[in-house]
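Okay, structure first, notes after.
Quick note: numbers below take in every heavy atom, side chains included, and nothing from hydrogens, waters or symmetry partners. As the structure is a prediction and not an experimental result, all values here were calculated from the model.
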Amino acid sequence: MRNGIKGIRRVSAVAVTAGAVLTAGAFTAPAQAAAPKTPTIAAKGGFVMNNGTGKTLFTKAADTRRSTGSTTKIMTARVVLAQSNLNLDSKVTVQKAYSDYIVDNNWASSAKLIVGDKVTVRQLLYGLMLPSGCDAAYALADKFGSGSTRDARVKSFIGKMNSTAKSLGMTNTHFDSFDGIGRGANYSTPRDLTKLASNAMKYSTFRTVVKTKSTTQKVTTKSGGYRNMSWTNTNALLGSYSGTLGVKTGSGPEAKYCLVFAATRGGKTVIGTVLASSSVTNRTADAKKLMDYSFKK
């Protein structure tokens, strides 16, 4: 009988010990990190996704159509880079029409191209994306559109922009200009522009250009000599946010202040867009908030 009692005591002791371990484990398990608080942004629209997986990380009126300003130039560059047998070193002569266009449009930002200079396609891409040159955009549309007149070539190029948008599934996007100075029908959404930027970033030349903070390019003058053109990127994230990859600013009386952005940290790349922010400072602050939030998700 005593042996039986001892056996029961041993079993009870084991059970108590196991229970104590389980109870202790419940209290000592590490707490899960709290989910990051969704940020508030000044922009009227925003969207961010994981560029590797396509997973949506943030939305705010992400499918509402808005004027895009110079973020339009992402598509301008994308159409150029998709040309078959593209020679980035081929030269384009700067026409008076390009500089006149800057004069005629108050909101047109300029790469300060000089009439008669010969600039390469690669240089025009820098002039397009860094200082956001509408003259560079005009030169590229004239070069890569089809037709016997400049107007026909520009119309053709804008047609390529719209067909590319359709092929990329940008269902809420339409372009009526090569630079974002629209004629009433130039619009997109944060989701669509992010989709476009993600695709454009597949081109190595695009990645190199949009990550460049400043550049000095040697161009050929009308007389056969040389001059240096210096351009600085309008994207304030470069140099102020670790891991920034680009992409493009935009602004305008209707568009307000826009920014398409991308960054990589810890092997994770996030890419997104804010449209219609309230100032240059706030569009940058909006992007930083969204990237900080997205890297924690």
(request) Look at atom NZ of Lys288 and say whether more than 12 heavy atoms of other residues, nucleotides or ligands are closer to it than 6.0 Å. (result)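 Counting other residues, nucleotides and ligands, NZ of Lys288 exceeds 12 neighbours.
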(message) Are there over 12 heavy-atom neighbours, none belonging to Lys44, within less than 6.0 Å of that residue's NZ?
(response)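 Counting other residues, nucleotides and ligands, NZ of Lys44 stays at 12 neighbours or fewer.
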Assess the side chains of [X] and [Y]: does a donor N or O sit below 3.5 Å from an acceptor N or O?
X	Y	value
Ser279	Thr281	no
Ser110	Asp135	yes
Ser70	Ser132	yes
Thr189	Asp63	no

(request) Measure the spacing between CG of Leu81 and NZ of Lys202 and express it to the nearest 0.5 Å. (result)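 Here the rounded value is 14.0 Å.
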(message) Please report the interatomic distance CG(Leu88) to OG1(Thr205), rounded to the nearest 0.5 Å.
(response)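 Leu88 CG to Thr205 OG1: 5.0 Å, rounded to 0.5 Å.
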Answer yes or no: is there a side-chain heavy-atom contact under 4.5 Å between [X] and [Y]?
X	Y	value
Thr269	Met201	no
Val209	Thr215	no
Val270	Lys297	no
Trp231	Leu128	no
Pro131	Lys112	no
Lys268	Phe295	yes
Leu57	Asn50	yes
Lys73	Cys134	yes

Compile the donor-acceptor pairs under 3.5 Å between side chains in residues 153-160 and protein atoms, sequence neighbours left out, one pair per line.
from, atom 1, to, atom 2, distance (Å)
Arg153, NE, Asp142, O, 3.3
Arg153, NE, Asp142, OD1, 2.6
Arg153, NH1, Gly147, O, 3.2
Arg153, NH2, Asp142, OD1, 3.1
Ser156, OG, Ser146, N, 3.0
Lys160, NZ, Phe144, O, 2.7

(message) Is the terminal nitrogen or CZ of Lys218 (NZ for Lys, CZ for Arg) located under 6.0 angstrom from the six-membered ring centre of Tyr226 and within 45° of that ring's axis?
(response)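 Geometry flag: set, cation within 6.0 Å and 45°.
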Distance-only check: which donor-acceptor pairs under 3.5 Å involve side-chain atoms of residues 249-261, not counting sequence neighbours?
from, atom 1, to, atom 2, distance (Å)
Thr249, OG1, Thr234, OG1, 2.6
Lys256, NZ, Pro253, O, 3.3

